[in-house]
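Only this structure's heavy atoms are used, side chains among them; waters, hydrogens and symmetry mates stay out. No experiment lies behind these values; they were computed from the predicted model shown. By convention in this document, chain letters (A, B, ...) are assigned in the order of the sequence lines, proteins followed by strands, and residues within each chain are numbered from 1.
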Amino acid sequence: MNNVEEKRPLNFIEQKIEDDISSGKRSKDIQLRFPPEPNGYLHIGHAKSICLNFGLAKKYNGKCNLRFDDTNPVKEDIEYVESIKEDIKWLGFNWGDTDFYASDYFDQLYEWAQKIVKKGKAYVDESSADEVAATRGTPTVPGKESPYRNRPIEENLDLLERMKNGEFPDGSKVLRAKIDMASPNMHMRDPVMYRIKHAHHHRTGDKWCIYPMYDFAHGQSDFIEGITHSLCTLEFEVHRPLYDWFLDQIIDEDCKYKVRPEQTEFARLNLNYTMMSKRLLLSLVKDNYVDGWDDPRMPTISGLRRRGYTPESVLAFADKVGVAKRENVIDVGLLEFCVREDLNKVAQRIMGVLDPIKVIIDNYPEGQTEELEAVNNPEDEGMGKRRVPFSKVLYIERDDFMEEPPKKFFRLAPGREVRLRYAYYITCKEDGVVKDKNGNITELHCTYDPETKGGQSADGRKVKATLHWVSEEHAVKAEVRLYDRLFLKEDPYDVEEGKDCMSNLNPDSLTCVTGYIEPFVKTVKKDTKFQFERLGYFCIDKSSSGDKLVINRTVTLRDSWAKISGKNN
RNA sequence: UGUCCGAUGGUGUAAUGGCAGCACUUAUGAUUUUGGUUCAUACAGUCAAGGUUCGAGUCCUUGUCGGACAGCCA
């Protein structure tokens with residue numbers, strides 16, 4: 001059980017599993033499940049749950065099922081099923097040979113419903129939804145019993161059958177459990193088990209027109225699949241007595257399923273500045289605020305993937321946030337740390353200039369080109385080297401030059417010598433700044449020292465800065481999409497209630513610029529992660545094709561100059 | 001004026017009655033052909049009051065604060 005490499009202390013769920021095994025309550029065959037409803041794309045919050053469930057299965061040599069909780073056909077779609085599978089695979093988990101679906105259990109569920117009716121523990125209620133709501137009471141006021149509550153069993157059975165057969169319109173009747181209308185727990189006040197929905201289901205088609213509610217489907221689905229530990233988020237805590245009540249009703253000696261599941265709750269993931277509700281994400285997509293579910297600004301797994309996050313970084317994040325029962329709001333900075341940490345190890349270094357200023361090396365021969373050697377990753381020699389073309393006219397980043405540099409600015413300025421990475425030392429001429437009629441700098445005239453080829457001087461003199469650059473003639477143009485750190489202007493957890501989230505979108509969340517990139521970018525594989533030195537981590541967007549190159553910025557580098565100079569981003 | 005759950009640095013998470021630790025963030029310094037990385041150092045915490053105990057973050061009592069629950073959603 002204890003792997004030596006695992007230094008992290010046990011979380012409370014791991015602790016529980018180990019206790020359950022050592023006390024003999026459970027065998028060593030641990031069975032978990034990840035149970036998404038296919039009504040939207042998975043997001044980073046689901047990633048936590050996926051890592052938890054599949055991670056636990058891996059750690060304890062158990063299994064983890066993928067089960068679609070598809071009990072509400074009007075919200076669900078096959079598109080979501082497919083995307084969910086793809087996202088889980090991308091994270092590196094597999095659920096064996098079978099996909100499970102709550103809808104596969106509809107027959108069994110119906111049989112159990114009949115059984116509960118026969119025990120006199122459920123009844124068909126003909127009250128309207130409004131009447132049911134009105135008689136349920138409030139958390140502090142007991143509810144009132146329905147006039148249909150004491151209907152004879154035979155009549156209930158008949159009505160239930162006719163509900164199933166489609167004799168009644170939507171909303172006209174429900175099957176309710178007969179528990180306790182005065183229970184302090186609202187969920188025990190005769191909860192609805194089945195409702196009538198004449199709707200097409202993405203898997204069962206038109207076979208059913210009554211569909212089980214979550215509470216009547218989830219625990220039983222766990223039971224059917226032999227789930228030992230059923231993990232869910234905190235808001236289901238108050239459902240647990242009901243979860244257990246339904247199991248109590250259906251479990252007896254004749255029951256062919258033997259393993260009784262147990263629900264354990266943990267706190268969901270919240271990220272500041274990030275909206276995580278499926279409802280809101282769906283409206284961003286439907287109302288075209290974003291490109292789709294995989295828009296790189298979305299906190300969806302597919303969005304993170306398209307933005308250039310690696311599965312390893314998401315896994316590391318899920319591990320670092322931990323698992324506990326208290327509400328939490330994680331700083332997005334932690335997620336960014338995780339992605340930088342991984343990308344720093346694996347990203348291909350490339351030079352690129354996003355806001356160019358032209359540099360002319362006056363003493364470099366016209367028409368001459370030479371290829372200089374550059375390392376692909378200073379942290380990993382195994383990633384090899386490449387050659388970068390150099391010529392008389394170059395681009396450097398506009399930020400890398402200041403006509404009147406403040407004290408702590410180390411980069412290029414009139415009369416100052418700096419290094420062009422892998423190339424030469426250059427010095428900006430005192431009178432080398434060329435401006436247009438508006439006063440904007442258009443060109444810098446510089447000289448280079450031929451003795452410094454490769455970036456080292458023979459006489460050992462030092463420069464305080466190294467600049468990245470591209471050769472104008474050789475550079476590849478690309479559309480570069482700069483995603484701001486924040487998709488939202490304000491932290492939704494700080495925003496007062498009722499505030500419209502759509503008006504909270506950060507107007508600078510996406511900026512498109514034309515970048516100039518060294519030609520090596522043309523030769524890399526499409527899913528390569530790379531780093532434009534000093535500018536951040538990038539990846540090639542899926543919309544690139546032919547000569548059109550579109551590049552997403554995954555995340556910026558930590559930028560200590562920005563702090564010194566007070567600049568953002 | 002209900003039931004359930006929770007409370008440890010700015011954030012997240014450990015400490016199973018026995019030295020309050022780790023990570024992120026922040027700050028400072030060293031190294032550096034990326035103002036990146038790496039390394040070092042520093043700042044900073046047990047919600048409150050009482051009780052049990054040789055000893056309490058941990059157990060008990062009371063209080064305070066926060067969250068969940070009133071869908072024929074999951």
Kindly state whether the ring of [X] and the ring of [Y] have centres lying under 6.0 angstrom apart.
X: Tyr243(A); Y: His239(A); value: no
X: Tyr123(A); Y: Tyr148(A); value: no
X: Trp561(A); Y: Phe410(A); value: no

Phosphate-side-chain proximity, [X] and [N], N/O vs OP1/OP2 below 4.0 Å:
X: Lys563(A); N: rU26(B); value: yes
X: Arg340(A); N: rG36(B); value: no
X: Arg558(A); N: rU25(B); value: yes
X: Arg136(A); N: rA70(B); value: no
X: Ser560(A); N: rG36(B); value: yes
X: Arg195(A); N: rA74(B); value: yes
X: Thr71(A); N: rA74(B); value: yes

Closest to the [X] side chain: [options]?
X: Met186(A); options: rG35(B), rG36(B), rC69(B); result: rC69(B)
X: Arg326(A); options: rU3(B), rG71(B), rU13(B); result: rU13(B)
X: Ala133(A); options: rA14(B), rG71(B), rU34(B); result: rG71(B)
X: Gln15(A); options: rU16(B), rA68(B), rG36(B); result: rU16(B)
X: Asn328(A); options: rU13(B), rG2(B), rA70(B); result: rU13(B)
X: Lys75(A); options: rG2(B), rC73(B), rU25(B); result: rC73(B)
X: Lys320(A); options: rU34(B), rG36(B), rA23(B); result: rA23(B)
X: Asn11(A); options: rA14(B), rA68(B), rU3(B); result: rA14(B)
X: Phe410(A); options: rC73(B), rG35(B), rA27(B); result: rG35(B)

With no angle test and no hydrogens, is the base of [N] tied to the side chain of [X] by a donor-acceptor pair under 3.5 Å?
X: Glu379(A); N: rG36(B); answer: yes
X: Arg349(A); N: rU34(B); answer: yes
X: Arg411(A); N: rG35(B); answer: yes
X: His187(A); N: rA70(B); answer: no

Would [X] and [Y] pass as an ion pair if we require N to O under 4.0 Å?
X: Arg411(A); Y: Asp399(A); result: no
X: Arg461(A); Y: Asp449(A); result: yes
X: Lys320(A); Y: Asp331(A); result: no

Discussion item. Can you tell me whether the base of rG71(B) sits syn or anti, using the 90° cut around 0 to define syn?
Written reply: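 You should classify rG71(B) as syn.
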Counting the atoms with a prime plus P, OP1 and OP2 as sugar-phosphate, which does [X] contact under 4.0 Å by heavy atoms, base, sugar-phosphate, or nothing?
X: Ala129(A); result: base
X: Lys197(A); result: sugar-phosphate
X: Glu265(A); result: nothing

Given atom [atom1] of [X] and atom [atom2] of [N], what is their separation to the nearest angstrom?
X: Phe532(A); N: rG35(B); atom1: CZ; atom2: C1'; value: 19 Å
X: Lys144(A); N: rA70(B); atom1: NZ; atom2: P; value: 18 Å
X: Lys325(A); N: rG66(B); atom1: NZ; atom2: P; value: 21 Å
X: Met188(A); N: rA70(B); atom1: CE; atom2: P; value: 15 Å
X: Leu420(A); N: rU34(B); atom1: CG; atom2: P; value: 13 Å
X: Glu327(A); N: rU13(B); atom1: CD; atom2: P; value: 10 Å
X: Ile330(A); N: rC24(B); atom1: CD1; atom2: P; value: 14 Å
X: Asp222(A); N: rA74(B); atom1: CG; atom2: P; value: 15 Å

Fill in: Cationic tip of Lys173(A) above Phe168(A) ring, under 6.0 Å, 45° of axis
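Yes, cation above the ring, under 6.0 Å and within 45°.
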Who does [N] pair with, Watson-Crick or G-U, both distances under 3.5 Å?
N: rC59(B); result: rG51(B)
N: rG2(B); result: rC69(B)
N: rG35(B); result: none
N: rG17(B); result: none
N: rU64(B); result: rA7(B)
N: rA74(B); result: none
N: rA42(B); result: rU26(B)

Discussion item. Could you check whether Ser183(A) and Asn185(A), counting side-chain N and O atoms only, form a donor-acceptor pair closer than 3.5 Å?
Written reply: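 Judged by distance alone, the side chains do not pair up.
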Discussion item. Under 3.5 Å, is there a donor on one side chain and an acceptor on the other for Asp459(A) and Ser457(A)?
Written reply: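 A donor-acceptor contact under 3.5 Å links the two side chains.
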With [atom1] as the reference atom in both, quote the distance from [N] to [M] in angstrom, rounded to an integer.
N: rU46(B); M: rU58(B); atom1: P; value: 13 Å
N: rA56(B); M: rA49(B); atom1: C1'; value: 15 Å
N: rA42(B); M: rG36(B); atom1: C1'; value: 23 Å
N: rU64(B); M: rG10(B); atom1: P; value: 24 Å
N: rG9(B); M: rG57(B); atom1: P; value: 15 Å
N: rC65(B); M: rG29(B); atom1: P; value: 45 Å
N: rG50(B); M: rU1(B); atom1: C1'; value: 27 Å
N: rG18(B); M: rA44(B); atom1: C1'; value: 25 Å

